[in-house]
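Small disclaimer: the values here were computed from a predicted structure and weren't measured.
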Amino acid sequence: MDYRHLTHYYKNKRVFLTGHTGFKGSWLLYWLHLLGAQVKGYSLAPENDSDLYPSIEGDSLCESVIADIRDKARLEQEIVAFQPDFIFHLAAQPLVRLSYDIPSDTFAVNAIGTAYLLDAARALDKPCAVICITTDKVYENMEWQYPYRENDRLGGYDPYSASKACAELVVSSYRNSFFNTKTYHIHRKAIASARAGNVIGGGDWAKDRIIPDIVRALQAGEPVAVRNPAAIRPWQHVLEPVGGYLHLGTKLIDNPTEFSDSWNFGPQPEDNLTVEELVNAALKIWGHGNYNHSAVTGQPHEAGLLKLDISKATNILGWKPRYNAAQAIEKTLAWYRNARQTDAIIPFTSAQITEFGGI
């Protein structure tokens, strides 16, 4: 996938980015900065000084609004005042295990927050491409070998997955009711949703995610605690879906009625790995370390098998992954090794985007 066309579409364009202080949001923000876009971010404050957003000096890369996606009036005010050409909606409660602790908040942020964002888009009297980011977990997961396609049934066992499936239903409803492709000439909004697989990459320090858990354990000289070693996931480097989102945005500009749809962004089938395979690969690249199976009783349910079918994005969007699983893991751990020198984080992050073909 060649991303050199992105500059033509994003340079000097106004991009409203929710969730800009999060892990994926920070990578997207920096890429947009390199493309020459004018970005306005809307998100909660980063949780820690070690998060990627402060590490890349995110406040210098955008107009940053620290606010809650559930503040409907503030969200609409900021969007209408900014008059964006693009909206990327990443703000979310993104953790499966945390969703068991705060289920109603998870639904409010992920589903109702999406409705609030689309209400704000309705108030814009100009063309705008809107990409709502959900997850591979929106599908009713039967844990079979069959990879899920965009027209498969939505569902969700845990509150996080169900809330994201609800967000997809919200997007579909608004697209049919207010942003119908048949009346694009009136509303001038192109609305798409993007469903990505399990993302790894530098700068993720979230709790209960495997790569941050690996890095924290290795840096502390402790064994990596692995909860579900046999679980299979569609692992991919963070730049894969972020590049997919940006590419999808260009397609919405070129042909808003054809590409206003849902899209899977995941790895090639051979890059679906078990958690144990991912951990072993990471330890080999790091050069030392070990792991143990953390068999804790009473754990909340987590899916054991999940695969994505990316043939629609490959055949229609012309998108495909650049890195295989081994490369994704190597690039990720290289970032964490480099992050030991704080002053190297910004140039190294920039270099990884450039190496990926992003500029």
>> For a quick check under 3.5 Å, do T257 and T181 share a side-chain donor-acceptor pair by atom type?
In response: no
>> If we ignore hydrogens and angles and just use 3.5 Å, is the side chain of D85 paired with the main-chain N or O of R14 as donor and acceptor?
In response: yes
> Can you tell me if CD on E47 sees more than 12 non-hydrogen neighbours from other groups inside 6.0 Å?
Replying inline: no
>> Check for me whether R322 meets the cation-pi criterion with F356, that is, NZ or CZ under 6.0 Å from the six-membered ring centre and within 45 degrees of the ring axis.
In response: yes
> Residues two or more places apart in sequence or in another chain: which of them pass side chain to side chain donor-acceptor pair (under 3.5 Å) with T314?
Replying inline: none
>> According to side chain to side chain donor-acceptor pair (under 3.5 Å), who are the partners of N151, at least two apart in sequence or on a separate chain?
In response: none
> Would a distance-only check, ignoring hydrogens and angles, find a side-chain to backbone donor-acceptor pair under 3.5 Å from Y139 to P147?
Replying inline: no
>> Is any side-chain heavy atom of I200 closer than 4.5 Å to one of V238?
In response: no
> Distance-only, no hydrogens or angles: does the S350 side chain make a donor-acceptor pair with backbone N or O of I346 under 3.5 Å?
Replying inline: no
> Does Y160 have any ring pair (Phe, Tyr, Trp, His ring centres under 6.0 Å) partners at least two apart in sequence or in another chain, and if so, which?
Replying inline: none
> Mind checking what makes side chain to side chain donor-acceptor pair (under 3.5 Å) contact with W263, not counting sequence neighbours?
Replying inline: none
> Can a donor-acceptor pair be found between the side chains of E150 and S262 at a distance below 3.5 Å?
Replying inline: no
> S311 and D309: side-chain donor and acceptor closer than 3.5 Å?
Replying inline: yes
>> I'd like to know if the side chain of S163 reaches the main chain of F107, judged simply by a donor and an acceptor atom lying under 3.5 Å from each other, with no hydrogens or angles considered.
In response: no
>> Would S161 and D158 count as a side-chain hydrogen bond (donor to acceptor under 3.5 Å, both in side chains) here? Give the steps.
In response: CA-CA 6 Å; S161 302; D158 57 89; 2.8 Å; yes
> Heavy atoms, side chains only, cut-off 4.5 Å: are W286 and R337 in contact?
Replying inline: yes
>> Measuring only between side-chain heavy atoms, which start at C-beta, is L239 closer than 4.5 Å to W27?
In response: yes
> Any idea which heavy atoms bring A129 and L252 closest together, and the distance?
Replying inline: CB-CB, 3.9 Å
>> When you measure from the side chain of D152 to the backbone of Y148, do you find a donor-acceptor pair of N or O atoms at a distance under 3.5 Å?
In response: no
> Can you tell me if W319 and Y3 form a side-chain donor-acceptor pair at under 3.5 Å?
Replying inline: yes
> In terms of ring plane angle, is the pair F88 and Y10 parallel, tilted or perpendicular, where the classes change at 30° and 60°?
Replying inline: tilted
>> Tell me the closest heavy-atom pair linking T134 and A167, and the distance in Å.
In response: CG2-CB, 4.3 Å
>> Nearest 0.5 angstrom please: N280 CG to N290 CG, how far?
In response: 10.5 Å
> Is E78 paired with K40 through a side-chain N to carboxylate O contact shorter than 4.0 Å?
Replying inline: yes
> Checking N176 side chain against S172 main chain: does a donor-acceptor pair fall under 3.5 Å?
Replying inline: yes
> How far apart are the closest heavy atoms of Q236 and G266, and which atoms are they?
Replying inline: OE1-CA, 3.5 Å
>> Do L273 and R233 make a side-chain contact, defined as non-hydrogen atoms from C-beta onward lying under 4.5 Å apart?
In response: no
> Would R216 and E222 pass as an ion pair if we require N to O under 4.0 Å?
Replying inline: no
>> Quick check: is L35 connected to I131 through a chain of hydrophobic side chains (ILVMFWY, heavy atoms under 4.5 Å apart)?
In response: yes
>> Check this for me: does any side-chain nitrogen of one of K307 and D136 sit under 4.0 Å from a carboxylate oxygen of the other?
In response: no
>> Under the rule for salt bridge (charged side-chain N to carboxylate O under 4.0 Å, His left out), what residues qualify as partners of D49, not counting sequence neighbours?
In response: none
> Hey, is D213 close enough to K207 for a salt bridge, meaning N to O under 4.0 Å?
Replying inline: no
>> What's the separation between atom NE2 in H237 and atom CD in E330, rounded to the nearest 0.5 Å?
In response: 9.0 Å
> Do W335 and L28 share a hydrophobic cluster (ILVMFWY, side-chain heavy atoms under 4.5 Å, transitive)?
Replying inline: yes
> With side chains defined as the heavy atoms from C-beta onward, is the minimum distance between H20 and S64 less than 4.5 Å?
Replying inline: yes
>> According to salt bridge (Lys or Arg N to Asp or Glu O under 4.0 Å), does anything in residues 249-266 pair up with another residue at least two apart or in another chain? List the pairs.
In response: D261-K312
